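This one's a predicted model, so the numbers in the text were calculated from it and none came from an experiment. What you see below is based on every heavy atom in this structure, not just the backbone, and it leaves out hydrogens, waters and symmetry mates. Along the sequence shown, residues carry numbers from 1.
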Amino acid sequence: MKADTRALAARGVAEVALRGASLREVMERSAPRLADPRDRALLMALLSEGARWWLRFDPAVDGLLEKSLRHKDPAVHALLVLGLVQLEILELQDYAAVAATVEAVRALKRPALAGLVNAVLRRWQRERENLLAKLDATPQTRHAHPAWLAAALQRDWPHQAEAVMAADNGEPPLILRVNRRRSDRAALIARLQGAGYAATAHPWLDDALVLPHSSDVTRMPGFDDGQFAVQDGAAQVAADLADLRDGLRVLDACAAPGGKACHLLERADVALTALEFDAVRAERIRQNLMRLRLDARIVVGDAGAPKGWWDGQPFDRILLDAPCSASGVLRRRPDVRLHRRESDIAAMQAQQRRILAALWPLLAPGGRLLYVTCSVLRAENEAIVGELLADQPDAQAVALTLPVGQAAAVGWQILPGDGDLDGMYYAVLHKPR
């Protein structure tokens, strides 16, 4: 592997961890700069694991230096973090990892620091046992979670917090959703297995296929003709809870990138409105609909201000995938742990309350509203739904039970790792006739 792969990764991780850049955007921008697929694979691993484990190894690097490089030479600081990631997480051969990381300093045009980088990594190797013990002493550095989130998890889920944080750091399986209108699951599994992919049927989700490792789905048979989409199993639960039938009028609020909307359209002939506040993200809904050969009305508007987009006709089903902390999907979006702040939660709650209260009057009598988040924080989930139930006498909670997860005060919580799924919360609300 070429040393410049590590230099490119160091610049990218510095952008994500120190400047707040999106990991996905950095990946999309960086990958085309490498021609060799092996270099691109290493780059993706370094970027992803660098973001995932930054909160563990960033303070370790500071402890190994007399003066921090974080502000003066952020890319070199990030390169040192990646050096530890290579040794401890990716488990690359020690000599090769150290030598290539030192060489990457020159690619960063900081050759004078090559000796320092070599010395720091060699010291880590000599003192590794004691240094790891110090990092394991607190949840923040043991599991690479921000202190506020580790505390929130221990408060909300005292018996599961350690398992949740461990699951956040594991490799998730690749879960696909068969498009029922273009194929069936057995046929798609056979086609993928014939092409060498280890695809199997999910044990209890009717449309889900599971592959043990991430892969370039655009190269898989069936992708171009819309036979499947990528969607974690926890997100696929929404279509089951929606209780669809042909002819219903459905609203998917906060719909981008459109995974749940597409699943609903695959399940039944419904008139679906996909609502999204951000015009750029709304374009992603359109692209997904086109690839899967599905049709919906896409509207750009604020779910919390229906006067700007609603035609006055009530909806039989409303899916509100509310904006949230994304604290349930850290294993797939490791940069969330670097960018989310404790102070964000109150602002999220205000948005959730506002949107839920605005959408409830749009639900037809006899209809149901699904409140969904990819959060594991009770303040964003059962607390918000509980407030609506207290404020709206015509709102009734529908009891639900899923094969994995646990009952919340209202609704159902899947925690990260439950059934090897992402963390997701569901509540189903019914409006009597």
Counting heavy atoms not belonging to Glu129, are there more than 12 under 6.0 Å from its CD? no

Do the side-chain N and O atoms of Arg6 and Gln86 include a donor-acceptor pair separated by under 3.5 angstrom? yes

Assess whether side chain to side chain contact (heavy atoms under 4.5 Å, CB included) is satisfied between Phe223 and Leu176, documenting all intermediate values. CA-CA 11 Å; Phe223 179 82; Leu176 308 179; over 6 Å; no

Heavy atoms, side chains only, cut-off 4.5 Å: are Asp295 and Leu272 in contact? no

Between CG on residue Asp168 and CG on residue Leu153, distance to nearest 0.5 Å: 7.5 Å

Are any of the side-chain nitrogens in Arg182 or Asp225 under 4.0 Å away from the carboxylate oxygens of its partner? no

Counting only heavy atoms not in Phe277 (residues, nucleotides, ligands), do more than 12 fall under 6.0 Å from its CZ? no

Does any donor atom in the side chain of Asp418 or Gln160 lie under 3.5 Å from an acceptor atom in the other side chain? no

Once the angle between the rings of Phe315 and Trp309 is folded into 0 to 90°, is it parallel (under 30°), tilted (30 to 60°) or perpendicular (over 60°)? tilted

What pairs of donor and acceptor atoms, side-chain ones from residues 255-264 against any protein atom, are under 3.5 angstrom apart with sequence neighbours left out?
unit_1 : atom_1 : unit_2 : atom_2 : d
Lys260 : NZ     : Asp321 : OD2    : 2.7
His263 : NE2    : Asp207 : OD2    : 2.8

Side-chain H-bond candidate by donor/acceptor type, Gln125 with Arg122, under 3.5 Å: yes

Looking at Asp136 and Arg56, does any basic side-chain N land under 4.0 Å from a carboxylate oxygen? yes

Is Arg70 atom CZ crowded by more than 12 heavy atoms from other residues, nucleotides or ligands, each under 6.0 Å away? yes

Arg354-Gln351 side chain donor-acceptor pair, cut-off 3.5 Å: yes

Distance alone, cut at 3.5 Å: any donor-acceptor contact between the side chains of Glu88 and Trp53? no

Identified side-chain contact (heavy atoms from CB on, under 4.5 Å) partner of Leu8 from the options Val13, Leu43, Leu47, Leu42: Leu43

Given Gln352, Met348, Gln413, Glu380, the one that forms side-chain contact (heavy atoms from CB on, under 4.5 Å) with Ser375: Glu380

With a 4.5 Å limit on heavy-atom distance, are the side chains of Thr141 and Phe57 in contact? no

Could you please spell out the steps behind the side chain to side chain contact (heavy atoms under 4.5 Å, CB included) verdict for Ser48 and Met27? CA-CA 9 Å; Ser48 179; Met27 286 179 164; 3.8 Å; yes

In Å, rounded to the nearest 0.5 Å, how long is the span from CG of Leu121 to CG of Asp94? 10.0 Å

Can you find a pair of side-chain heavy atoms, one from Asp232 and one from Pro172, that are under 4.5 Å apart? no

Determine whether the side chains of Ser325 and Ser327 contain a donor N or O and an acceptor N or O closer than 3.5 Å. yes

For Arg378, is there an ion pair with Glu382 - N to carboxylate O distance below 4.0 angstrom? yes

Residues, nucleotides or ligands: over 12 heavy atoms within 6.0 Å of Arg293 CZ: yes

Any ion pair linking Arg331 and Asp420 (charged N to carboxylate O, less than 4.0 Å)? yes

Dump the intermediate steps for side chain to side chain contact (heavy atoms under 4.5 Å, CB included) on Arg123 and Leu131, then the final yes or no. CA-CA 10 Å; Arg123 181 183 170 193; Leu131 293 170; 5.6 Å; no

Under a 4.0 Å N-O cut-off, is there an ion pair linking Arg142 with Glu162? yes

Ionic contact status for Glu15 with Arg11, cut-off 4.0 Å: no

Would you call Arg24 and Asp335 a salt bridge, using N to O less than 4.0 angstrom? no

With respect to Cys324, which candidate in Asp344, Val372, Thr373 satisfies the side-chain contact (heavy atoms from CB on, under 4.5 Å) definition? Thr373

Mind checking whether Trp204 and His202 have ring centres under 6.0 Å apart? yes

Distance from Leu294 atom CG to Arg286 atom CZ, nearest 0.5 Å? 13.5 Å

Do Arg337 and Asn169 have side-chain N/O donor and acceptor atoms under 3.5 Å apart? yes

Using a cut-off of 6.0 Å, state whether more than 12 heavy atoms not belonging to Gln93 lie near its atom CD. no

When the aromatic ring centroids of His77 and Trp54 are compared, is their separation below 6.0 Å? yes

So, Glu266 and Arg181, do they make that salt bridge, N to O below 4.0 Å? no

